[in-house]
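Start at 1 and go down the list; that is how both ligands and their atoms are numbered.
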Amino acid sequence: MNFTKIVMSTLCVSAAVGACAPKAQQVIPCDKAVEAKVEKVLSGMTLQEKAGQLVQLNISTLEDATREAIDPAKLDKIIGQYKVGSILNVMHDAAHSREQTAAMVRQIQEKSMEAIGIPCIYGLDMIHGASYLTDGSLYPQEINLGATFNPEYAALMGRAMAYETRAAQVPWVFSPVMDLGRDPRWPRIWESFGEDPYLQARMAAEETRALQGEDPNHIDLQHVAVSIKHFMGYGVPLSGKDRTPAYIAENDLREKYFAPFLACFRAGALTAMVNSASINGVPTHANATLLTGWVKEQLGWDGMLVTDWADIDNLWNRDHVAADKKEAVAMGINAGIDMIMDPYDPECCNVIVDLVNEGTISEARLNDAVRRVLRLKVRLGLFDKPVWDEVYPDFASEKYARESYATALESEVLLKNEGVLPLKENSRILVCGPNANSLRTLNGGWSYTWQGSADDYVPQYNTILEALQKRYPGQVTWVPGVVYDGSDWQKDVVASFQQVKNEAKKADVIVCCVGENSYCETPGNMDDLNLSANQKQLVREAASTGKPVVLVLNEGRPRLIGDIEPLCAAVVDVMLPSNFGGDALAALLSGDENFSGKLPFTYSKHINALHTYDYKVTEHRETMEGSYNYDAVMDVQWPFGHGLSYTKFDYKNLQVSAAEVKAGDVLTVSVDVTNTGDRAGKEAVLLYSSDLVASLIPDVKRLRGFEKVALEPGETKTVTFRLPASDLAFVGGDGRWRLEKGDFRLSCGGLGTLVRCTETKVWETPNI
Ligand code: BGC
């Protein structure tokens, strides 16, 4: 795509926005009153003020020597002189109470209104609830939400997160995260909903609506603006390491990686944060085709694009696509960036001023970017109420605690059970492993601090050990065996295997809690996806006693356990279930509650065979015939969607409303699900399609629908899916969506049926 053409035509589109000119397509409806206010403010601004609106600084630039309060002289400089329009993050790099946070924001707003007459916009990384408030509520991480296969939990978390963030006078969160977790080596897969584009899109859009409310033009005092992130393709670096290059075919980018972003733009997402790294050699912050072309032009999106942390600097000092900062700033803004998160450098404002004076950034592009920032502030009501006196009675309420617990219950996944679970009432339980007595590991990163430090902030919640001790008073013994060592999250050391073996003699069952310590972003990089050698040895030593081992995995990504899994009588993956995750696990292990989580990712078995469920038919010998029958096997530990229950579900009568479809038709697919066991349970019913012949090698299957149903013993429910035929389309090599004539197999719960598409349709527009 021609770069100049994109930028020019976007500017024409944007110039018309002030008046809400009729346009072909606009994902967020234009609101005349909002636009009028934007134009009025814009018309009175100086160049310095405009430049300041495009810059976001870290709160550390305002901190005094204590790092707990704002230095008034710095406030004068940053807001008064540089006229910076946005601040992010937390003082002293740590969580503060709602009151402390609100007081800090009030002080900044007062200055901003006095010095510029434009409110500042404060943004925080609220990732799984109020991550940065000491007294707020946390929910399980998004990867757990994915495992519930129940979008209602994304909505509950979104609503609570919005409410508690607003209660702290903050109107903007850098959430939800929708990088597809398609490479288990990458240290951020737990921040999003799993590996599948459809699951990710449903959950992220639900969370977006819950965070922002129903009307993106008028966000009320119970809601906040989202920053969907990280646009896009961030989650599959070739090296597996954070912020390193990805190489993604354009059709995959459009069909899979764009899907959750598209769903969120359509749900009204007001801002998006850009992928820190690069795709096919182009740093995303300089990618005009994606930023301006795909989002602003093709969708007519009038929201705001913010960079990730220092990523304009990365264009020159890391990526070497610009010679210096000045060139990098011009490159980013001309590619479509509207706000630069330049954490420590207010001089960025002057660089923008110079670039506009020189003409390297046009007045039109400058004004377009400023409009987008102002529009966000108007939509949030910040001009009318830079701060607000609303009361928030539900802040940190029991209601949110109950929701967090319920989410944890539905998200922990029973992967294997040879009959040892539920635990018997009179069991003597030996608990071991480095994750047994830690809130930090239950929460993961973005929990009170960036790297996660829940134990320091909320010791009142129960670890797995404490929850089991409460559920089985006097029956639990605790010997760690292996412990995490200090600040290096990857380092664990052997405490004593012998003690574990001694205590095992007196126990009926061993609950061995292993996994990872908390981490976030680049510090979470590692060189071996295998569970650590010490922890594997702990499992071997425990199993050598002959007592049944219940393996509990508490980890942000599927660490490989192929060699020790056969030694365990049961395996549960709790992932990162947060503050009530220990209580939820005790209720599930004891059988007080039933498991219903399913894996939102493929749990791989071998280091050289990391898969996703939607692999190409040519990758597996069962789906491949032909002259080269390679030894291709999909030998995974557990597939995407795997998850056991204490009851059994039987699927019958998979029906489809028509045997033949055309592109515009909508199919109805139904299936009867019966609980054939003797206890109540919930089942996530997953509908897949397979394109049997296509002009590009088809994926073996794709998730097209899911629904979670609750069933009493003996009860049957008919689950019905609405399936537009266009959902069966894929993106061809030319970047266009295509639905092709031919047969599709629909499958659900082991049943299958064929549907024939009787026409081929290619969509000219980028998205259908
Ligand atoms: C992360 C983002 C985050 C930003 C602001 C970056 O390092 O990649 O996810 O929103 O910092 O804290």
Side-chain angles (χ1 to χ4, degrees), residues 55-62 86-96 101 121-133 141-143 161 165 170-181 186-193 204 207-208 211 224-237 241-244 246 260-261 264 269-278 283-285 304-315 317-319 332 337-345 444-452 518-525 556:
V55 176
Q56 181 184 51
L57 293 182
N58 190 25
I59 184 67
S60 60
T61 57
L62 296 176
S86 179
I87 304 288
L88 85 152
N89 215 350
V90 281
M91 287 208 235
H92 216 157
D93 300 319
H96 290 77
T101 308
I121 180 164
Y122 206 101
L124 279 180
D125 283 289
M126 300 306 208
I127 300 297
H128 61 125
S131 311
Y132 271 141
L133 297 181
Q141 297 277 4
E142 277 187 14
I143 195 69
M161 193 197 295
T165 306
V170 174
W172 188 25
V173 294
F174 306 134
S175 237
V177 189
M178 56 206 68
D179 305 308
L180 300 186
W186 187 52
R188 302 189 76 171
I189 73 159
W190 50 272
E191 288 184 53
S192 62
F193 302 98
E207 193 181 328
T208 294
L211 281 159
V224 294
V226 300
S227 193
I228 57 177
K229 67 186 190 183
H230 305 78
F231 180 75
M232 71 178 166
Y234 180 33
V236 283
K241 303 277 168 62
D242 191 37
R243 286 175 156 80
T244 60
F261 289 97
C264 289
L270 290 178
T271 82
M273 187 185 290
V274 177
N275 164 12
S276 250
S278 60
T284 325
H285 285 77
M304 191 202 81
L305 286 175
V306 61
T307 72
D308 200 345
W309 190 267
D311 277 319
I312 291 298
D313 276 335
N314 281 331
L315 291 178
N317 62 18
R318 182 194 66 187
D319 299 336
I337 295 295
D338 304 306
M339 182 182 278
I340 299 177
M341 187 190 289
D342 196 337
Y344 309 112
D345 183 13
W446 297 122
S447 304
Y448 308 102
T449 59
W450 177 46
Q451 294 296 310
S518 74
Y519 55 85
C520 193
E521 300 182 38
T522 308
N525 286 345

Asks: Within a distance under 4.0 Å of any heavy atom of Trp309, pick out the atoms of ligand 1 and give their elements.
Replies: 6 (C), 7 (O), 11 (O)
Asks: For ring-ring contact (aromatic ring centres under 6.0 Å, His included), just list the numbers for Trp446 and Tyr448, CA-CA rounded to whole Å, side-chain angles, deciding distance to a tenth of an Å, and then say yes or no.
Replies: CA-CA 6 Å; Trp446 297 122; Tyr448 308 102; over 10 Å; no
Asks: Using a 4.0 Å heavy-atom cut-off, which part of Leu88 comes near ligand 1: side chain, backbone, both, or neither?
Replies: side chain
Asks: Considering only protein heavy atoms, which is closest to atom 7 (O) of ligand 1, and at what distance to one decimal place?
Replies: Glu521 OE1, 2.7 Å
Asks: In terms of atom number and element, which parts of ligand 1 are under 4.0 angstrom from non-hydrogen atoms of Phe174?
Replies: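 In order of numbering, the contacting atoms are 10 (O).
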Asks: Taking only heavy atoms of Lys229 into account, list the atoms of ligand 1 that are under 4.0 Å away from them.
Replies: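 Matching atoms, with element in brackets: 2 (C), 3 (C), 9 (O), 10 (O).
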Asks: Of the options Asn275, Asp242, Thr284, which is the one that meets Tyr234 in a side-chain hydrogen bond (donor to acceptor under 3.5 Å, both in side chains)?
Replies: Asp242
Asks: Given the rule in the side chain to side chain donor-acceptor pair (under 3.5 Å) test, do Asp311 and Ser276 qualify, once you have shown the distances and angles that lead to the verdict?
Replies: CA-CA 6 Å; Asp311 277 319; Ser276 250; 2.5 Å; yes
Asks: Under 4.0 angstrom from ligand 1, any heavy atom of Arg243?
Replies: yes
Asks: Please could you name the atoms of ligand 1 that Met273 approaches to less than 4.0 Å, counting only its heavy atoms?
Replies: 2 (C), 10 (O)
Asks: Only heavy atoms count here, so choose which of Asp308, Val274, Asp311 is nearest to atom 4 (C) of ligand 1.
Replies: Asp308
Asks: Applying a heavy-atom cut-off of 4.0 Å, say which part of Arg188 lies close to ligand 1: side chain, backbone, both or neither.
Replies: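 The part of Arg188 near ligand 1 is the side chain, not the backbone.
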Asks: When rounded to the nearest 0.5 angstrom, what distance separates CE in Met341 from CG in Asp308?
Replies: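 With rounding to 0.5 Å, CE (Met341) is 5.5 Å from CG (Asp308).
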Asks: Rounded to the nearest 0.5 Å, what separation is found between the CG atom of Leu270 and the OG atom of Ser227?
Replies: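 These two atoms lie 10.0 Å from each other.
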Asks: In the protein, which heavy atom is nearest to atom 9 (O) of ligand 1, and how far is it?
Replies: His230 NE2, 2.7 Å
Asks: Give the intermediate values and the outcome of side chain to side chain contact (heavy atoms under 4.5 Å, CB included) for residues Val177 and Glu142.
Replies: CA-CA 8 Å; Val177 189; Glu142 277 187 14; 3.8 Å; yes
Asks: Using the ring centroid of each side chain, check whether Tyr344 and Trp309 are separated by less than 6.0 Å.
Replies: yes
Asks: To which of Asp125, Asn275, Ile127 does the heavy atom nearest atom 5 (C) of ligand 1 belong?
Replies: Asp125
Asks: Check whether any side-chain heavy atom of Lys229 lies under 4.5 Å from a side-chain heavy atom of Asp125, and answer yes or no.
Replies: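 Result yes, sub-4.5 Å side-chain heavy-atom pair found.
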